[in-house]
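All chains are named by letter (A, B, ...) in the order of the sequence lines, taking the proteins before the strands, and each is independently numbered beginning at 1.
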2 protein chains.
Amino acid sequence: MNIFRLLKKNKLFADFDDNEINKIFDCLHGHINKYSRGRVVAEAGDPVTEVGIILEGSAVKFIRKADGELVNCGELEVGGMFGEVEGYAGDRTYRSSVVLAEDSTVLYISIPTIVKQCSKNCPHHQKLLENTLSCLADRIDVINNDAKYLKIKSMRGKISKLFYDKYLAQGTNVIHLGFNRNEMAEYLNVSRPSMSREMIHMKEDGIISYRKDEIVIHDVERLAELANTAR
Amino acid sequence: MNIFRLLKKNKLFADFDDNEINKIFDCLHGHINKYSRGRVVAEAGDPVTEVGIILEGSAVKFIRKADGELVNCGELEVGGMFGEVEGYAGDRTYRSSVVLAEDSTVLYISIPTIVKQCSKNCPHHQKLLENTLSCLADRIDVINNDAKYLKIKSMRGKISKLFYDKYLAQGTNVIHLGFNRNEMAEYLNVSRPSMSREMIHMKEDGIISYRKDEIVIHDVERLAELANTAR
DNA sequence: ATAGCTTTGTTGCCAAAGCTACAAATCATT
DNA sequence: AATGATTTGTAGCTTTGGCAACAAAGCTAT
C-alpha cells in the first residue's frame with residue numbers, strides 16, 4: 001500500500017509531495033485501521049473528533065429519516081473523507097452514518113491536531129489548514145450551484161442550465177453528461193418521463209440533439225438565454 | 001464607535017472578549033473605511049484578498065445574470081461579512097457584488113493574515129482560525145438544510161417540514177415564523193396563493209391553525225409524519 | 001443469433017400548483 | 001375614526017409535470 005499515492009487523492013493532501021506528506025505525517029499522529037465490508041465507521045449522532053480518509057475500498061453515507069427509512073446520501077471512493085464538515089459545524093456530531101461498501105482501509109487524523117499548529121511550526125501544517133479551508137469553501141460553491149437547479153421551476157430551464165453548465169465546463173458543442181437519464185432526472189429532482197418529453201421538445205425546436213450520454217448543442221445562444229433567464 | 005461591541009456581532013469574533021480582540025487586533029492589520037450609501041465595496045469577478053465586516057450600516061449582495069438582470073441574493077447587517085467564502089474557494093474571486101444600502105463603516109482583514117500564524121503565535125489567532133472553520137462548516141449545514149426544502153416536491157411536504165423544523169427549534173406548539181407569507185413562499189420556492197391554499201387544507205384537516213406569523217400546531221404526530229415522509 | 005436485462009422513448013390521463021385578479025383583513029399614521 | 005398601504009385570503013382558469021404503463025432500442029453473455 002503506497003500511502004503517499006493514496007493520500008494524494010484526498011483534497012486535503014492533493015498538492016503535497018511525498019516529502020511533505022512524510023514530514024507532516026509525524027505531527028498529525030494519524031492512525032490506520034483495516035475493516036471488513038459492512039462495518040459502520042461513523043454513526044449519525046456520535047461526536048466527531050477525527051477526519052476519516054478512505055485509503056482503500058469504498059463507503060456509502062446514509063441518513064436515517066424519522067420514519068426509520070435509510071436514505072443513501074453519498075458515496076466515498078478512495079481519497080474520500082467523512083467528518084470533515086461535521087467536525088467543525090454545530091454540535092460536532094455526525095449527520096450521517098458511514099458504512100463500508102467493501103473491505104477497506106481508513107486513515108484517521110484528529111481534528112485538533114489539524115487545527116492547532118504543532119510545536120515544530122512546520123509550513124506543511126499551514127498548507128493543510130489552507131486546504132481544509134478551501135475544501136469547505138469549495139463545497140459551499142458546489143452546493144450553492146446544485147441549489148440553483150432546484151430553484152428553477154421549469155423543466156426546460158433546469159435542462160438548459162445543466163447542459164449550458166456542461167458546455168461551459170467542457171468547452172465544446174458536443175458534451176458528455178456522465179449521467180444516464182435516470183441519474184440526470186434524479187439530479188434535477190424531476191421525473192424521467194417528463195424530462196424526456198421536454199428534451200424532445202428542445203430537439204424539435206432545434207436547440208439540441210442527443211444520443212444517450214452525448215448531447216450536441218445546435219443553438220448555444222438560445223441555450224444560454226434559456227439557462228440564464230430560467231425561473 | 002465601540003469596535004469591540006460591533007465586532008462581537010460577527011461570527012468570527014463572537015466569542016472573543018474585549019481583551020482578546022485588543023490583542024489580536026495588532027496582528028491582523030485590519031483597516032477601517034467609511035463609505036457612503038450606494039458604494040460598491042465588492043465587484044463580482046474581482047479577486048478576493050480580504051474579508052470585509054460591516055461595523056456600521058448595511059449592504060445588499062447582487063448577482064448579475066447573463067441577461068444583465070441584477071438579482072438580490074442576500075443582505076448584510078452589522079456584523080455581516082463578505083468574501084469569507086469566496087476568499088478560500090475556487091479562483092478566489094467574488095461571486096456577487098456587494099453594494100452598501102446606507103452610509104457604512106467596513107473593517108477589512110487580509111485573508112493571508114487570518115490564515116498564517118503571526119510571529120507572536122498568539123492563542124487568539126488560533127481561535128479565529130477555528131471560528132473561520134466553524135463559520136464555513138455551519139454554512140454548509142444551513143445550505144444543505146435549505147436544499148432539503150427545495151427537493152421536496154409536494155406543497156404540503158414543504159410546509160410541513162418548515163413548520164416541523166420550527167417546532168423542533170422553538171420547542172413549543174405555538175411557533176413564530178419570522179416570515180410573512182410572501183417571504184415564506186419565496187423561501188420554499190413556491191407561489192404564495194398555492195401555498196395559502198394548502199395551508200387552508202391543513203387547517204381544515206385539523207393539523208394546524210394560524211394567524212399571521214403565529215402558527216399553532218394541533219397534531220404534532222401528523223406534522224412530523226408529513227415532514228419526514230415528504231418526497 | 002437469441003434471450004434476458006437495462007436504458008431510453010412515448011403516450012395519455014390527471015392532480016398539483018402556477019398565475020391573475022380581486023376581496024377582505026390588518027396595520028400604521030394622521 | 002378615517003385613510004391609505006400592506007398583508008392575507010379566495011376563486012377560476014390554465015399549464016406543467018408526475019405517474020403508470022408500455023414500446024423500442026441497446027447491451028451482454030451464452
Side-chain angles (χ1 to χ4, degrees), chain A residues 72 148-163 166 174-218 226-227 229-231, chain B residues 71-72 75 148-163 166 174-218 222 225-227 229-231:
Chain A
N72 175 328
K148 277 192 211 148
Y149 290 108
L150 298 177
K151 282 187 181 172
I152 296 173
K153 284 181 181 159
S154 77
M155 186 65 78
R156 185 169 285 210
K158 282 176 198 265
I159 297 170
S160 297
K161 171 154 171 57
L162 177 63
F163 289 176
K166 295 273 182 195
V174 183
I175 59 177
H176 288 265
L177 290 182
F179 281 151
N180 65 26
R181 294 293 126 87
N182 257 322
E183 292 164 338
M184 176 175 158
E186 198 175 335
Y187 179 64
L188 296 181
N189 207 37
V190 296
S191 82
R192 187 187 58 77
S194 301
M195 184 186 81
S196 252
R197 187 199 287 148
E198 189 58 37
M199 283 177 70
I200 291 166
H201 293 157
M202 292 175 72
K203 178 153 63 176
E204 286 166 357
D205 289 353
I207 303 169
I208 55 171
S209 66
Y210 50 88
R211 188 181 168 279
K212 305 211 86 184
D213 177 58
E214 186 180 285
I215 313 283
V216 181
I217 301 172
H218 295 291
L226 286 167
T229 61
R231 279 295 112 83
Chain B
V71 181
N72 175 328
E75 268 130 51
K148 278 192 209 146
Y149 291 107
L150 297 177
K151 282 188 180 173
I152 295 173
K153 283 180 183 161
S154 77
M155 185 66 77
R156 187 169 283 211
K158 281 175 200 264
I159 297 171
S160 298
K161 175 158 170 53
L162 178 62
F163 289 176
K166 295 273 181 194
V174 183
I175 59 176
H176 288 265
L177 289 183
F179 280 150
N180 65 24
R181 293 292 126 86
N182 256 324
E183 292 165 339
M184 175 174 159
E186 198 176 336
Y187 179 64
L188 297 180
N189 208 37
V190 297
S191 84
R192 187 189 58 78
S194 302
M195 187 186 79
S196 252
R197 184 200 288 148
E198 188 58 35
M199 283 177 69
I200 291 166
H201 294 158
M202 291 175 72
K203 178 155 59 175
E204 286 166 356
D205 289 354
I207 303 169
I208 56 171
S209 66
Y210 50 87
R211 187 181 168 277
K212 306 216 84 185
D213 179 56
E214 184 180 283
I215 313 282
V216 181
I217 301 173
H218 296 290
R222 189 121 171 61
E225 157 87 9
L226 285 167
T229 60
R231 278 295 114 82

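- Shortest non-hydrogen contact noted between B:Ser194 and B:Met155 is CB-CE, 3.5 Å.
- Of the possible polar contacts, one joining the B:Glu183 side chain to the B:Asn180 backbone as a donor-acceptor pair under 3.5 Å is found.
- Looking only at side-chain heavy atoms (C-beta outward), B:Lys148 and B:Lys151 stay at 4.5 Å or farther from each other.
- Residues A:Tyr149 and A:Leu162 form a side-chain contact, since some pair of their non-hydrogen atoms from C-beta on lies under 4.5 Å apart.
- Spacing between atom CD1 of B:Ile152 and atom C1' of C:dA16 amounts to 16 Å, rounded to whole angstrom units.
- Following rounding to the nearest Å, B:Arg197 (CZ) and C:dA23 (C1') show an atom-to-atom distance of 17 Å.
- Counting only Watson-Crick or G-U wobble pairs whose defining distances are both under 3.5 Å, the stems of 3 or more consecutive pairs in DNA chain C are C:1-30 with D:1-30.
- For A:Lys166 (side chain) and A:Leu177 (main-chain N/O), a donor-acceptor pair under 3.5 Å exists by modelled atom type.
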From CA spacing to verdict: salt bridge (charged side-chain N to carboxylate O under 4.0 Å, His left out), B:Arg181, B:Asp213: CA-CA 8 Å; B:Arg181 293 292 126 86; B:Asp213 179 56; over 6 Å; no
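- For A:Asn180 and C:dT8, the CG to P distance is 5 Å, given to the nearest whole Å.
- Spacing between atom CD of A:Glu198 and atom P of C:dT8 amounts to 18 Å, rounded to whole angstrom units.
- Exactly one residue among A:Ile207, A:Leu188, A:Leu226 makes a side chain to side chain contact (heavy atoms under 4.5 Å, CB included) with A:Ile159. That residue is A:Leu188.
- Rounded to whole Å, atom C1' of C:dC27 lies 11 Å from atom CZ of B:Arg211.
- Distance CE (A:Met155) to P (C:dA16): 17 Å, rounded to an integer number of Å.
- B:Asp213 places its CG atom 15 Å from the P atom of C:dT26, with the value rounded to the nearest Å.
- Each of A:Arg156 and A:Lys212 was matched to the nucleotide of DNA chain D holding its nearest heavy atom; the match closer to the 5' end belongs to A:Arg156.
- A cation-pi contact, defined as under 6.0 Å to the ring centre and within 45° of the axis, is absent between A:Lys158 and A:Tyr187.
- Within the 4.0 angstrom heavy-atom criterion, no nucleotide atom of any strand lies near B:Phe179.
- The CD atom of B:Glu225 sits 10.0 Å away from atom OG of B:Ser160, with the distance rounded to the nearest 0.5 Å.
- The span of DNA chain D lying next to chain A, judged by atoms under 4.0 Å from heavy atoms, is bounded 5' to 3' by D:dG17 to D:dA20.
- The nearest whole Å value for the distance from the CZ atom in A:Arg181 to the C1' atom in C:dT10 is 14 Å.
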